[in-house]
Amino acid sequence: MKFFSTEIGKFTVFACKITGKGGTSLPGKLALKINPKIINELIKGIKGDKIVITGTNGKTTTSGLIASILKTTGKNVIHNREGANMSSGIATVLIKNSNIYGKLKADIGVFEIDEANMPLLLDDIKPNIVVITNFFRDQLDRYGELDTTIKKVKESLNKLSKDSIVLLNADEPFTAAIGDDLKLKVMYYGINDHINRGYGLSPSFEQKYCPSCGDKYIYKEVFYGQLGDYYCPSCGKKRPKLDFSALNIDINEDGISFDLKYKDRLFKIKSHLFGIYNIYNVMAAVTANLLLNTNINDIINGLDNYKPIAGRLQKTTLNGKKAIINLIKNPIGFDSTLSMLKEIKRPLNLVIAINDNYADGRDVSWLWDVNIEDFVVNSKINSVVASGLRAEDMALRLKYAGIDAKKIEVINSIEKALDYISSVTKDELIIILPNYTSLHEVNTFLKLRGDDK
Amino acid sequence: MKLTIGHMYPDLLNLYGDRGNILTLIRRCEWRGIDIEVKSITIDINTNFTDINILFLGGGSDREQKIVSDDLTLKRMKNFKSAVEDGMTVLSICGGYQLLGKYYQIGTNNKLPGIGIFDAWTIAGNKRMITNVIIEAKINNLKFKMVGFENHSGKTYLKNTKPLGNIIIGSGNNGEDHTEGAYYKNAFGTYLHGPVLPKNPEFADYLILTALKRKYGNVVLQPLDDTFEYNTQNAIIKRFLKI
């Protein structure tokens, strides 16, 4: 069975290559149909550690950083880098890395897993380190309510071997609560600094209630979204004690730097990623590697070697004009992107492309949870194009955010929208903000034009 | 002229872009030169609703609905009901809508009482109804199409309360009788969650107008340029009704 299903998968990988389709999920999907245990069987070929990263935001960056550091140490790393993070994506990356007999050889596996798929996959992968970044409202139409997802994640963790380590973001109350009465070794990372830059006022602020007694949490610090240093005035529950903490944080146009404190040691950490949320991603990646006993010099070099994947602050050109692409797929991600763009002093020409395909989530209500009003007041906006299957919804959102309707163009076709924006742009900057499936369309278009370098 | 919006439990009932509804009421008043103020009404902040012209209740998860149910039924039922009888404009969505009915039966031993503005009750179902929705709304003598998105497992059944409209696409109140939402006097409930008002400007204006009329007597609303609003609505109607 393993032989046959791996063969089918391999053939599909090949077919995807010659037809030019991405093929990050389809081969695995077919192989899983023939042999539902394919992941469980292939993964035995990984001799060393297996690390799983889940959560709402930061999975791709955190797992990419972990893999980049491990590669720097010279290890043979398997990693679902393209971000296909459901069963079919995991199966695909395993098939791609095995020979035609279904044999896989690797030192270490780094797997980003969708939080709703995690309970299904954890038993097959049996990771020895699990990193959970955060839980935000995201694609609620697909997952139902957040509470259900979190409960399922916790149940699946309790089935892991007792010597596994769960690494949790202490600053995010939902995530930290997963550590309560977990029968595994739990460690926490978080920020120990004053860095509030107005993120606390975000309308996406979600969890403020103590899971033990139901009273409101009081925040001593809010870092972004519902992340902060909190405590419950009624029952005394508070942010867990930090095993790893970030101090002396500096954020500027070149990136971020901070000191990571672990026991009595202090590590100087630097990354060219920027934005407050990337402090958490970098911290999680460094922390996971410290637990794997990776040398600190390799950690520092691995962070430096890391190249963000397509669509994460990706720099490109359109008709020779400078453009930046950044994926937006949920309110907090969109909010953080806009906060970052507020720092740019040049006038902006924006394309915001919103699709509502299954992978995006069919519901676009979340666009109304983003604080676009604040961005409109604080930025110079030259022109805006709303694009994608839900271009009209996006345009309407922009109108109510306070952008003059005359400045808003509605162009459903993403190709035409990109053509249009490059024609109206002079010296200003182009900002392309696609959600998940529209990002693929943007990149396909750029590749065709040879503009993707 | 001035209207005051009471946003009930903004910290508890706030799912799926509820903020968009408040923003729409604010903007559509602003564009007409009507002053508007938003007041948060949270747990334990008592109010007799005399200063509120439009009351808004959004959606929430089961855990939050329990807290809201206690607060509503134990502390506010009488004042809330008499304000509705007096013609206060109310918009309630999803979780908020369910608690304006008589009760929400979650499990065999778990029944959340509501305040009974609508002669309706809700029973938790096993299947979530998650889809784009198009309805034909009928409010008194007015008829218009409304579009939105629903995501609920509770099935609501109406007895002596009129539905907000009939389902063209989607599940609506219970997925069985083709009704969607409910209304009594100027109080409305609907499963079209989150930002129902931006792309349904007739409905948004109906709420504004009823609130103005109750406060100021006969008022006429100045028309607005709703091109973007109707383009959004029509894009959904075209795509899902395939016309």
Side-chain angles (χ1 to χ4, degrees), chain A residues 137 139-151 202-209 211 214-217 226 330-331 354 356 358 361-373 386 388-406 408-410 412, chain B residues 10-12 14-28 30-31 42-43 59-64 66-67 70 93-95 128-132 147-153 192-199 201 204 225-236 238-239:
Chain A
R137 61 168 88 183
Q139 304 181 348
L140 283 142
D141 59 317
R142 211 150 48 98
Y143 299 153
E145 287 162 1
L146 201 53
D147 291 353
T148 322
T149 309
I150 295 170
K151 200 169 146 238
S202 156
S204 319
F205 196 84
E206 171 104 19
Q207 159 78 336
K208 300 183 282 188
Y209 289 85
D215 200 0
K216 251 186 193 177
Y217 270 139
Q226 74 268 17
N330 54 32
I354 304 296
D356 65 349
Y358 178 75
R362 298 269 187 217
D363 186 7
V364 295
S365 300
W366 64 275
L367 295 175
W368 293 86
D369 283 326
V370 184
N371 194 357
I372 308 178
E373 292 71 50
L389 290 164
R390 287 290 190 157
E392 294 85 358
D393 280 272
M394 190 62 230
L396 186 62
R397 175 70 191 95
L398 293 168
K399 175 183 165 181
Y400 279 81
I403 297 183
D404 181 356
K406 288 185 216 87
I408 308 169
E409 283 289 324
V410 178
N412 290 90
Chain B
D11 49 346
L12 287 163
N14 185 21
L15 270 179
Y16 310 119
D18 282 326
R19 187 175 171 267
N21 294 312
I22 306 279
L23 186 61
T24 302
L25 293 172
I26 293 174
R27 289 284 194 254
R28 297 186 74 81
E30 252 176 32
W31 290 331
T42 50
I43 297 263
S61 67
D62 285 353
R63 175 189 55 193
E64 284 138 358
K66 166 85 183 105
I67 306 173
D70 287 348
I93 294 179
C94 208
R128 279 194 95 80
M129 294 171 260
I130 308 176
T131 186
N132 285 284
V147 300
F149 200 93
E150 63 180 334
N151 182 352
H152 56 110
S153 53
L192 301 189
H193 71 220
V196 61
L197 296 183
K199 49 195 167 196
D225 178 356
D226 285 329
T227 315
F228 276 51
E229 285 79 351
Y230 286 112
N231 281 349
T232 310
Q233 194 182 83
N234 288 332
I236 292 162
K238 255 193 188 162
R239 188 167 149 199

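Heavy-atom basis, side chains included; hydrogens, waters and symmetry copies ignored. In this text, all values refer to a predicted model and were calculated from it rather than measured experimentally. A, B, ... follow the sequence lines: proteins, then strands. Residue 1 opens every chain.
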side-chain contact (heavy atoms from CB on, under 4.5 Å), that's the test. Do Gln233(B) and Leu396(A) meet it? Break it down for me.
CA-CA 10 Å; Gln233(B) 194 182 83; Leu396(A) 186 62; over 6 Å; no

State, with a plain yes or no, whether a side-chain heavy atom of Asn371(A) is found less than 4.5 Å away from one of Arg19(B).
yes

Is the shortest side-chain heavy-atom distance between Thr232(B) and Lys399(A) below 4.5 Å?
no

How long is the gap from [atom1] on [X] to [atom2] on [Y], to the nearest 0.5 Å?
| X | Y | atom1 | atom2 | result |
| --- | --- | --- | --- | --- |
| Glu373(A) | Ile26(B) | CD | CD1 | 9.0 Å |
| Asp356(A) | Phe149(B) | CG | CZ | 8.0 Å |
| Glu30(B) | Tyr400(A) | CD | OH | 11.0 Å |

Interface moiety of Ala391(A) toward chain B, non-hydrogen atoms closer than 4.5 Å:
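Neither the backbone nor the side chain of Ala391(A) comes within 4.5 Å of chain B.
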
Residue part contacting chain B, namely of Leu367(A), when any heavy atom lies under 4.5 Å
neither

Let's go through Asp363(A) and Ile130(B) carefully: what are the C-alpha distance in whole Å and the side-chain angles of both, what is the deciding distance for side-chain contact (heavy atoms from CB on, under 4.5 Å) to 0.1 Å, and is it a yes or a no?
CA-CA 9 Å; Asp363(A) 186 7; Ile130(B) 308 176; over 6 Å; no

Can you say whether Asn132(B) sits under 4.5 Å from chain A via the side chain, the backbone, both, or neither, judging by heavy atoms?
side chain

Heavy-atom distance under 4.5 Å to chain A: side chain of Ile236(B), backbone, both or neither?
side chain

Closest-packed option against chain B by number of heavy-atom pairs under 4.5 Å, given Val410(A), Ile408(A), Asn412(A):
Ile408(A)

Option in Thr24(B), Asn21(B), Asp225(B) with maximal non-hydrogen atom pairs under 4.5 Å from chain A:
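Result: the option with the highest number of such pairs is Thr24(B).
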
Between Arg27(B) and Gly402(A), which heavy-atom pair has the shortest distance, and what is it?
NH2-N, 3.8 Å

Return the minimal non-hydrogen interatomic distance between Trp368(A) and Gly20(B), and the atom names on each side.
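Heavy atoms of Trp368(A) and Gly20(B) come nearest at CE3-CA, 3.4 Å.
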
Salt-bridge contact Arg239(B)-Glu392(A) (side-chain N to carboxylate O under 4.0 Å):
no

